[in-house]
Protein chains: 2
Amino acid sequence: MIELHLLKLRARDEISAEEEAALRGAVADVVDYPADRTIIEANRDLTHSTLLLEGLMGRYKDLRDGQRQITALHIPGDFLDLHSFTLKRLDQPVMSLTRCRTALVPHAKLEEITRNFPHLTRILWFSTNLDACIHREWSVSLGRRTAIARAAHLFCELQIRFGIVGLTDGTSYPLNLTQIELAECLGLTSVHVNRVLKELRERGLAEFRGGKVTILDWDGLVRVADFDSNYLYLERAPR
Amino acid sequence: MIELHLLKLRARDEISAEEEAALRGAVADVVDYPADRTIIEANRDLTHSTLLLEGLMGRYKDLRDGQRQITALHIPGDFLDLHSFTLKRLDQPVMSLTRCRTALVPHAKLEEITRNFPHLTRILWFSTNLDACIHREWSVSLGRRTAIARAAHLFCELQIRFGIVGLTDGTSYPLNLTQIELAECLGLTSVHVNRVLKELRERGLAEFRGGKVTILDWDGLVRVADFDSNYLYLERAPR
DNA sequence: CGGGTGGTTGAGCTTTCTCAAATAGAGTGG
DNA sequence: CCACTCTATTTGAGAAAGCTCAACCACCCG
């Protein structure tokens, strides 16, 4: 059940058999959700964190004037809200973008881990820090990159992230978002995203259609995005 | 020495005398830096984290084309890179924006804490998660807020953060940044920041001059910014 | 076949950027 | 104390990226 999550962690550090068992033992129920459902509301007291097994989720914030910014995308193997273990409530809600399957991990079990498995604790801590690294890189995109570079950068990032959990065939991966939702990730309007996608397609860099991203020219896309995977911490190191 | 950091933590949870002692015992040398110096370079192996005692620091990323985005501002009492404890290297460098005084906290000491003080560990973990919440809110600003709302939002956030560590007199706090650096935080050009600051001043909302922010009309500023302090987790709760 | 959602395109507009120049201020050496 | 220099701030004018509004198309599903 937590196979994809283990893939993600083991790409960054060794996980012992005992640690793996502790992690497996921490998982409680499996819960499914339809698409377009807020599954973790903001400011509610939480007693468990949620691991994403299948589907696509996003953290977002709605502004008073009706605009929405998606601040993070979660793919299978990601915790949606491991940070809720210490935060106790979320400042930003999490919604399903497609149909999803999740596994609940009670905070009580995580607390046991912090008492008995210091190294595993650090690995879980690492994984929330990795989320923060991705947030910072998104800030760079939103603050400084052009529309086309932002889209290219996101496609590069996701190619790597899907690759880690074995969900890409090398040149394409599932991304069942509407152009409106993609615009909400990129800080653009859907109209402009449409034009940007057209340009990426016409320049032979990447294609977004049918709920799927296809990388047509990785090096070209990396160049347009000014993409550097450093921030994804793809090396194994003792954490 | 770690008084301001304790203020910050104790605003969010109880810290026992033993935990306080463990934290005090973790601090090693004090180091001073001049302004405008990169003090933690990207991708270097790190063996300690750094606590900011005095001054202003920022995490940033330079793009190929010469643009810079500042992704976080650190004020006294903040860890600059507590996340380096699990990341082992930083994806984004940290620089001093003013003259600064810091205290080094060896990772070995933090590791001891994770072995012996699970609750304190969770509090430190919380504090990196809080950084991430701020990152997400910055993403919202960069992605969706207008230039004036972005500036107003940052001024609101910093008023609260300086307030927690007792460095505001209620209406003003030190912020010794150039307009260029402020622009690098806000994802704008310095020319436009200048015009935005003028508008905030003329509308009687806030003033930025002489290395200091003065809030002239808190409610008005909050309205312009669409500011909600939820994401700063100002409540005490068992973490 | 019809309704609904999402994608595509065009035209004009707004925000913010770029380029350029003028002004202000802080620090330095004479 | 004054000229000089350097950096930061301020303002103006024109350009560009991306937004808004509107229409039309394509596809899916009942």
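First the proteins, then the strands, lettered A, B, ... as listed; each starts at 1. FYI, side chains are in, hydrogens and waters are out, and symmetry mates aren't considered; it's all heavy atoms of this structure.
Remark: A:Asp228 engages A:Asn230 in a side-chain contact (heavy atoms from CB on, under 4.5 Å) (not counting sequence neighbours). Residues satisfying the side-chain contact (heavy atoms from CB on, under 4.5 Å) test with B:Thr178, not counting sequence neighbours, are B:Ile180, B:Glu181. With sequence neighbours left out, B:Asp81 forms a side chain to side chain donor-acceptor pair (under 3.5 Å) with B:Ser84. With sequence neighbours excluded, the residues forming a side-chain contact (heavy atoms from CB on, under 4.5 Å) with B:Glu199 are B:Ile148, B:Arg203, listed by chain and number. Judged as a side chain to side chain donor-acceptor pair (under 3.5 Å), and not counting sequence neighbours, A:Tyr173 has no contacts. Contacts of A:Arg201 classified as salt bridge (Lys or Arg N to Asp or Glu O under 4.0 Å), with partners at least two apart in sequence or in another chain: none. Judged as a side chain to side chain donor-acceptor pair (under 3.5 Å), and not counting sequence neighbours, B:Lys88 has no contacts. With sequence neighbours excluded, the residues that form a side chain to side chain donor-acceptor pair (under 3.5 Å) with A:His74 are A:Arg59.
Here the C1' atom of nucleotide C:dT16 and the CG atom of B:Leu142 are 14 Å apart, to the nearest Å.
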Donor-acceptor pairs under 3.5 Å, side chain of residues 93-100 of chain A to any protein atom, not counting sequence neighbours: which ones?
{"from": "A:Ser96", "atom 1": "OG", "to": "A:Pro34", "atom 2": "O", "distance (Å)": "2.7"}
{"from": "A:Ser96", "atom 1": "OG", "to": "A:Asp36", "atom 2": "N", "distance (Å)": "3.2"}
{"from": "A:Ser96", "atom 1": "OG", "to": "A:Arg37", "atom 2": "N", "distance (Å)": "3.0"}
{"from": "A:Ser96", "atom 1": "OG", "to": "A:Arg37", "atom 2": "O", "distance (Å)": "3.3"}
{"from": "A:Thr98", "atom 1": "OG1", "to": "A:Leu56", "atom 2": "N", "distance (Å)": "3.0"}

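Rotation axes derived from the C1' atoms of the five outermost pairs at either end of the helix from C:dC1-D:dG30 to C:dG30-D:dC1 lie 40° apart, to the nearest 10°.
Within the 4.0 Å cut-off from OP1 or OP2 of C:dT8, not a single side-chain nitrogen or oxygen of A:Lys198 is found.
Mapping A:Phe208 and A:Arg144 onto DNA chain C by nearest heavy atom places A:Phe208 closer to the 5' end of the strand.
Shown for residues 176-196 of chain B: residues whose heavy atoms fall under 4.0 angstrom of DNA chain D, namely B:Thr178, B:Gln179, B:Val191, B:Asn194, B:Arg195.
Contact footprint of chain A on DNA chain D: nucleotides with an atom under 4.0 Å from a non-hydrogen protein atom, first to last in 5' to 3' order, D:dG18 to D:dC21.
Using a 4.0 Å cut-off between a side-chain N of Lys or Arg and a carboxylate O of Asp or Glu, A:Glu137 and A:Arg145 qualify as a salt bridge.
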